Protein chains: 2
Amino acid sequence: MKQHIEALTQYLVAFITGLVQSGVKDVVISPGSRSTPLALLFAEHRELQTYINIDERSAAFFALGLAKSSNKPVVLLCTSGTAAANFFPAVVEANLSRVPLIVLTADRPHELRDVGAPQAIDQLHLYGNHVRWFSEMALPEESVSAVKYAKTAAIRAVKEATSLMKGPVHLNFPLREPLIPQLEPYPFQEEPTSRMVEAGSLQISNKSAKKIVDAWQKVEKGIIICGQIDEQGFPQAVQNLAKKLGFPILADPLSQVRSSQQVENFVIDSYDAILKATLEMEQLKPELIIRFGGSPVSKPLSLYIKKYDNIPQYIIDSGEGWRDPQNTSTMMIYSNEVSFCDQITNLLPSPKESKWQDMWMELDNRTKDIISSQMKLESELEEGKAVYELINLLPMQSTVFVGNSMPIRDFDTFFHKNEKDICIMANRGANGIDGVVSTALGASIYKRPMFLVIGDLSFFHDLNGLLLAKLHKLNITIIVLNNDGGGIFSYLPQSAEEKHFEVLFGTPTGLNYEHAVKMYHGHYTKVLDWQGYAIAIQEALSHEGLNVIEVPTNRDKNHRAHKALWDLVSREIQSFLQDVQ
Amino acid sequence: MKQHIEALTQYLVAFITGLVQSGVKDVVISPGSRSTPLALLFAEHRELQTYINIDERSAAFFALGLAKSSNKPVVLLCTSGTAAANFFPAVVEANLSRVPLIVLTADRPHELRDVGAPQAIDQLHLYGNHVRWFSEMALPEESVSAVKYAKTAAIRAVKEATSLMKGPVHLNFPLREPLIPQLEPYPFQEEPTSRMVEAGSLQISNKSAKKIVDAWQKVEKGIIICGQIDEQGFPQAVQNLAKKLGFPILADPLSQVRSSQQVENFVIDSYDAILKATLEMEQLKPELIIRFGGSPVSKPLSLYIKKYDNIPQYIIDSGEGWRDPQNTSTMMIYSNEVSFCDQITNLLPSPKESKWQDMWMELDNRTKDIISSQMKLESELEEGKAVYELINLLPMQSTVFVGNSMPIRDFDTFFHKNEKDICIMANRGANGIDGVVSTALGASIYKRPMFLVIGDLSFFHDLNGLLLAKLHKLNITIIVLNNDGGGIFSYLPQSAEEKHFEVLFGTPTGLNYEHAVKMYHGHYTKVLDWQGYAIAIQEALSHEGLNVIEVPTNRDKNHRAHKALWDLVSREIQSFLQDVQ
């Protein structure tokens, strides 16, 4: 027995030491029995911060948010059984959005598997292809080599999670009873020597870079498209590149290019409206497209990329992926995006004057003038304006986490470039409406002040996530755009199917979320008009803890307001472009 | 376009027709875009009942409950992306608890996979080994053979889900836009010919049965153990067998043997207390153990099975499984349990007098006398008595769904045999605390009146499940045993780790669930004493819809009360057995 406890302790201490030496700071734990020794040792470690979360689905998304905002791998631990299956949605999201998670599941030892033992499920390769690496750990053993193996497994796990294409990894720990490690004396020690990993990043040769420069500098009508990207220094680097090339940048809200402290005036952010109006026209036909980051939110932009499949299209990807849903790329360039921009910028001659760039700027200004004047006229509560107003209402350097479905689309259209250095985050790997509250709460640990803008169904889906705000006294302001149901479906063809539409797609819940917010000891405000909206956001800044601001809107009204705006923009842009020609 | 819509419609109509002809009645749908054509056609079918559930995790458990209570395969549908990953916990449970679910996931077509398209995740073999069958469906095509293929796939899916070892199956449907099928004229037609499946059940030969009879009738000290089992007629069949053999039946609450309308008096239900007290004594040493159904809840019973690993142990399993966590079986018998009992009973001579059976009865009576008198003395609210009292308070033929962790253990100990024909249900495949509210709500469609007895953390975990009670006006009475945290951990060794115990295991949430119940338009009662408890249950019977009765208890008090009771039983039983000897 004593030997078992010593073996268990040494083995797991070595593993955790490996994690800490590799840069892990945060551990999210869902309570359980089989995972007890790992949970106790994580809690005992003086350099680790632990967060306890009862609902494993929320816990996993919370860990995702921590990892997204800290840019560090985060550990996630649960016991055996369906607990581990509840991690799955966040693991899938982490995989596609390239976020490093170290998922640890405790398991029954081999003799208790597949024989009807309680809480024993098949946990080997539980997350299939959705993790970068899976390892079934050995049972704890008391030997020098076992301890070394455990530590190396931890270092290796962090390496796999933070490789070029970051993502989740899964380690399964079979553990035998008794499950209590030795906590006294303090089991962790300074280790003078440690094995570290120094990871490189991709870079193309200067010869290849010169070829690219030769090709690009001949082009007059080029377009740079930036999707979701999270590389330090990218907004500046891509703007330097665009300046030299004389190309406009179509910047998705998640590219961070719209909100960097110095936004050059060839960053275009109303392209969704512009392209919706001009897709059938040839005036905006490009000769070259250069793409960075994930798939942009805008559907018209996707159609634009697809339409011009007969021109050179370059995709630059530091993660060696294949992000090309339109299947139009003519060259995949595997390089760190910042190094690539710098490398090309340095090889290019001085900036060129560009009528093409000027025309895009003019289109952008005209479109935003229309949006602005429409927004001023809008007296009723409506979702587009709720987003538009945030540019003025949010404090400098705040972070907005944006829900999927309609909110992210409204941000794409209405959250224009500014110099407030506002960070925009979202779960755009699998674009789910699940886990958004928890991800934002996880991100709020490192990103403050944190605002979450979310639709009512997505808020409902992850109501349980609010428990962490209560238990850990987290500060967040959640703006719920409540149209009582699935607003996005009003924009899709099924809205014509009157017989089944409201039941299958409208799905009104009729819930009064004030009750839920009270249960989590939050501060709740229901907004009645635009003045109230501004005041509520102002006041939220002075309330610590959880603030929920509900903006009641109407699905039909939202749909009509959006449509009226597109019609106005369409007329203006089309007549402008016809004059140009 | 017209051709696309016709192909889509015919293909999916054939598939759904195959499901209906194979006995599917209920379809649970989570809203989404890619799944639109399936959702619309299911809603349109006049013989199908559809349930809409926004949170896919709850939806899947709701479907599980429907299938458990109806004994029919239930269809579960969602769109592409993390929606499908949210089904995973219930799929895992369905696999281990042998419940037929037909899981349908809509998917992007092949050209949009693994290229960064929105809401596209790798859905092939998404649930790994946790389903009986996976099939990637072909894209809809307009041809006689495609339509025939779709219908056969449906029939095949039901067959795989309802094979000897029932369970979930997964079909993935790649679908291209536009996603709207033709609903007029009514697309489903009577089909004169259909392909049906007539499934047999396992039966052993008479020669084998005779050998078993020869072996068993020589034995004086045999034990029959019944775990979770859901076979029509089993309680009567196993009692007939026990009578002839002169063996006691140790009946888990989920065997339904305790609650059948005629409970013979050799059904023992206080074995958990008896065996806890006597494990070190030899007086209860059996010569033969016969086991039916899943692993029993009781830990002392597991230890008893394990202790006597040198005697013949027979396991009878209609599902061809390997449910033997103690690894003590000497013979696995693959036969339908009812046929097997009847077959053996018919071969046995008339019932025998058995001192061994009488001794077990005496032990059982004495133990329950102590429990009864202790229960009478208990004036404070406490979890064991809350369960004990239910035997009197519940109406005839009601159903109780029991939460995992402590409630199911309290049912094992305190919910004694009765003639009220009360059905006891639980999720004992993976024994998770997740999804319990939704499973009970799903089961409430076919089992009425429905009571759910659940701990506060499990109730919290699936609060979202309550939305279905509101939307579909379901009738359920939920008794929340609220000890504000993880009560079961007080019984485990980690309770000695004072430094981290409350944070990692106690996990008090401090939530007032009255708010949540109000949000879902439920009727809430907080009980203050035993009289109030009885009144609350009485009143709940007259309130339609959602009733939540909260019983505030104290983790320490529960633990102390349980311990005091075991000590009393232990003294009584030990002294009785010493006298016998």
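As the structure is a prediction and not an experimental result, all values here were calculated from the model. The chains referred to below are lettered A, B, ... by the order of the sequence lines, with proteins before strands, and numbering in each begins at 1.
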**Report entry** Parallel, tilted or perpendicular: ring planes of B/H45 versus B/Y186, cut at 30 and 60 degrees
**Finding:** perpendicular

Requested in this report: Take the angle between the ring planes of A/Y513 and A/F459 and call it parallel below 30°, perpendicular above 60°, tilted in between.
Outcome: perpendicular

Query - Summary of salt bridge (Lys or Arg N to Asp or Glu O under 4.0 Å) pairs that have at least one residue in residues 112-121 of chain B, sequence neighbours excluded - result: B/D107-B/R113, B/R113-B/E136

Query raised in the report: Which residue pairs pass the salt bridge (Lys or Arg N to Asp or Glu O under 4.0 Å) test with at least one member in residues 499-519 of chain B, sequence neighbours excluded?
Result: A/E44-B/K499, B/E502-B/R555

Query - Validation row: A/Y520, B/L511 side chains within 4.5 angstrom (heavy atoms) - result: yes

Query raised in the report: Do A/S33 and B/Q494 touch side chain to side chain, with heavy atoms closer than 4.5 Å?
Result: yes

Query raised in the report: Does one side chain, of B/N464 or B/S58, offer a donor that lies under 3.5 Å from an acceptor on the other?
Result: no

Query - B/Q228 versus B/R323, side-chain donor and acceptor atoms under 3.5 Å - result: no

Could you check which of [options] has the highest count of heavy-atom pairs closer than 4.5 Å to chain B?
options: A/I433, A/V92, A/T36, A/I29; answer: A/T36
options: A/A430, A/G227, A/G432; answer: A/A430
options: A/L457, A/V297, A/I52; answer: A/I52
options: A/L112, A/L467, A/N512; answer: A/L467
options: A/Q326, A/E497, A/R57; answer: A/R57

For each of [options], tally heavy-atom pairs with chain A at distances under 4.5 Å, and name the one with the top tally.
options: B/G32, B/A496, B/S80, B/P508; answer: B/G32
options: B/S405, B/P31, B/S30; answer: B/P31
options: B/E93, B/H130, B/R108; answer: B/H130
options: B/L179, B/L126, B/T50; answer: B/L126
options: B/A117, B/A120, B/P89, B/G116; answer: B/P89
options: B/E111, B/E56, B/Q119; answer: B/Q119

Please flag which part of [X] lies under 4.5 Å from any non-hydrogen atom of chain B: side chain, backbone, both or neither.
X: A/P493; result: both
X: A/L492; result: side chain
X: A/V503; result: both
X: A/D55; result: both
X: A/L96; result: side chain
X: A/A43; result: both

Given that the side chain runs from C-beta out, which part of [X] has a heavy atom under 4.5 Å from chain A: side chain, backbone, both or neither?
X: B/H521; value: side chain
X: B/F460; value: both
X: B/P178; value: neither
X: B/D122; value: both
X: B/A516; value: both
X: B/I180; value: side chain

Query raised in the report: For B/G485 and B/D456, which heavy atoms make the closest approach, and how far apart are they?
Result: N-OD2, 2.8 Å

Report task. Measure across A/N431 and A/N404 and return the closest heavy-atom pair with its distance rounded to 0.1 Å. Result -> C-ND2, 3.1 Å

Requested in this report: Output yes when B/R428 and B/D252 qualify as a salt bridge under the 4.0 Å nitrogen-oxygen rule, no when they do not.
Outcome: no

Report summary line: CG (A/L183) and CG (A/L40) are apart, to the nearest 0.5 Å, by 5.5 Å

Query raised in the report: Does B/N86 reach the main-chain N or O of B/T82 with its side chain, forming a donor-acceptor pair under 3.5 Å?
Result: yes

Report task. Give the C-alpha distance, both sets of side-chain angles, the deciding distance and a yes or no for side chain to side chain contact (heavy atoms under 4.5 Å, CB included) between A/L463 and B/L463. Result -> CA-CA 9 Å; A/L463 269 181; B/L463 269 182; over 6 Å; no

